[in-house]
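Order of the sequence lines fixes the chain letters, A, B, ..., with proteins taken first and strands second; residue numbering starts at 1 for each chain. All heavy atoms count here, side chains included; hydrogens, waters and symmetry mates do not.
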There are 2 protein chains.
Amino acid sequence: MRTATAQRKPHRASRDAAPTDTHAIVTHIARAIAAHKLPPGAKLGEEALGEIFGVSRTKIRQALFQLTSDKLVTLIPGRGAFVAQPTVREAREVFEARRMVETSVLTAFIERASTKDMATLKNHIAEQQRATDAGTAQTRNHLLGDFHTVIARLAGNDVMTAIVAELVARTSLITLLYQNTRGASESLTDHHTLMAAIEKRDVKLALQLMVAHLNDVENGLVLKEEAPVVADLKSALG
Amino acid sequence: MRTATAQRKPHRASRDAAPTDTHAIVTHIARAIAAHKLPPGAKLGEEALGEIFGVSRTKIRQALFQLTSDKLVTLIPGRGAFVAQPTVREAREVFEARRMVETSVLTAFIERASTKDMATLKNHIAEQQRATDAGTAQTRNHLLGDFHTVIARLAGNDVMTAIVAELVARTSLITLLYQNTRGASESLTDHHTLMAAIEKRDVKLALQLMVAHLNDVENGLVLKEEAPVVADLKSALG
DNA sequence: TTTAAAATTATTGTATACAATTTAAATCAT
DNA sequence: ATGATTTAAATTGTATACAATAATTTTAAA
C-alpha cells in the first residue's frame, strides 16, 4: 500500500508535555493579544511558536490561519504572520458594526430576559466591579468586553453571540493600537447605568445608553494612522 | 543545518495544471455547496478532494478548516469533514440574525446611498430578473442571495458586509436542507417591491418589507429535523 | 443465516523533508 | 565610510511519511 523508502528519525508518538490541541493554541494567542502582551505588528514566527507550545509547525499554522480569519492576525504571503494592525477605517467600521449589532441584541435581551437572566447579568457587573477594585488590568479588560458578549448569549442566539464575540475581540486590539484615553472606570460606570435601564426593561433608554457608551469609547480613541509598534514573542506568552 | 537522510521521490516543483491556491479551493467548494451540488451531510474526503483539485492534502485541509469556520462544513475529529447540516435551531437563529443585521444595514444604505449606488442596486435587480427569465437555477439563486450582500457593500461597511455574506451563505444551505416551498420568483418580486421603497428613501417601509421578505422565506421552510441526505463528490465538482 | 470477533484496509492527524522566498550578512565597488 | 551586489542563513509554502484511528471485510462461532 505504501512505497517504503528509507527510515528516518522515528516520530515520537507519546510526548512528555500535554498534547496541546489547536484550539488551545488559538485561545492562548488570542488571549495574549487581547491582554496587550503581543502588540499590533508583532511577528509571529512559526518555528518560535512551535517551540513555545511544544508542537510542530503544522498545528501552529492551523492556529495562525484561524486567527487570521478572526482578524486578529494578518498573514502576508511569503512573509509570515503578524498581530493585526487594524486601520482607522476598519476601527470605525467595527464600532459602527457594534452599534448596529448590539442594539438589536440588547432589544432582544430586554424582551426575553427571565429574572434569572437579569440576575446573571447583574452578577457579571459585580464581577467587573471587583476586578476593577482589586484585579489585574488583564482580567478587568476581559470582563469589560465580555459583558457585551454575555448579553448576546443570554439573548439566546448563538449566531449573534459569535458575531458579537468577534467584534469585541477586534475592539480590544483597536483600543490598544489607538491608545484610548478613556479609563476602565468610565466604562464600568456606563455598564452600571445601562444595567439600571435594562432592569426596568426600558428599551428606548437602554438603546440610547448603549449607543452612547460605544460612541464614548470610540471617541476616546486617537484615530490617526500610527507608526507600527513592535515587540518580541517569548516574554509575551508566559 | 539539516540532517540529511535518504532521497525520496522528488517533489515536483513545476506542475502541469494551474497551481490552485487555497482560496480558490474554498470558493469552489463553497460554490458547489451553495449551488446544491454537494448536499448537507456529504462526506468530503481529503484524498478525493486533493485528487480533484490536483493538490496535496495539506491545502485541502486548510480549505476545509476555513469552510468549517464559515459553518458550511462540519469537522468531526477522527472522522473527517462533511457538508454541514444546520439544525432547526441554527436555521431559526440565522434568520433572526439576518433580520437584526440587515435592517441596520438597509437603514444605513438608504441614508447614504448616492444616485450611482441606487443605479447599481437597480441594475443588480435587473440581472436577477434576467437570470430568472433565462438563466440556470444556480446563477439565479446566487444572485438572489448576493442582492443582500450588495446592499451591505454599497452601505460602505466592510465589516458588516462580511457578516451579511456569511449569513447569506449559510442560508443557502438551510434552504436546501429544509426544502423551501417558496419559489425564486416570489423572492424576486419581493426585491422589486423593496427596491421601490428604497428608491423613495422610505426607511420605515423598506425595513417593513425587508423583515417581511425574510420572514416569508423562513416560513416557506419545513423546519423539522430531517433525515440526513447524502451524495458523492466527483460528480459535484465539475 | 446471523452475530461477534479478528484481521485488513482506508482515512485522518501530526511531524518532517525539501523547494522557493525572503531576510540578513558579507563582500565589493565607488 | 556608504551603497550596491553577492552570498549565506533563516523562514515560509507544500508535499510526503508515518502513526493512530476509524471503517470495512473476513472469518469464526452460535
Atom CD1 of A/I60 and atom P of C/dT14: how far apart are they, to the nearest Å? 12 Å

Give a yes/no answer on whether the side chain of A/K43 brings an N or O atom under 4.0 Å of OP1 or OP2 in C/dT22. no

Length of the CG-P vector between B/L44 and C/dT11, whole Å: 13 Å

Please compare A/R57 and B/R79 by the position of their nearest nucleotide in DNA chain D and report the one closer to 5'. A/R57

Please state whether the phosphate of D/dT14, meaning OP1 or OP2, lies under 4.0 angstrom from any side-chain nitrogen or oxygen of B/T58. no

To the nearest angstrom, the NZ-C1' distance between B/K59 and D/dT12 comes to 13 Å

So among A/H124, A/H213, A/H142, which one has a ring-ring contact (aromatic ring centres under 6.0 Å, His included) with A/H148? A/H213

Is there a side-chain contact between A/F53 and A/I29 in this structure, where contact means two heavy atoms from C-beta onward sitting under 4.5 Å apart? yes

Please report, rounded to the nearest Å, how far the C1' atom of D/dT21 is from the CD1 atom of B/I76. 14 Å

A/F53 CZ to C/dT14 P, straight-line distance once rounded to whole Å: 15 Å

Tell me the interatomic distance from A/E47, atom CD, to C/dT22, atom P, rounded to whole angstroms. 19 Å

Pick out which of A/T175, A/V88, A/T181, A/L177 makes a side chain to side chain contact (heavy atoms under 4.5 Å, CB included) with A/L221. A/T175

Measure CD1/A/I25 against C1'/C/dT14 and give the value in whole Å, please. 11 Å

Using whole Å, report how far CD of B/E46 lies from P of C/dT14. 11 Å

Taking C-beta and beyond as the side chain, do B/L167 and B/F95 meet within less than 4.5 Å on heavy atoms? no

Heavy atoms from C-beta onward define the side chain here; which of C/dT12, C/dA15, D/dT14 lies closest to that of B/S56? D/dT14

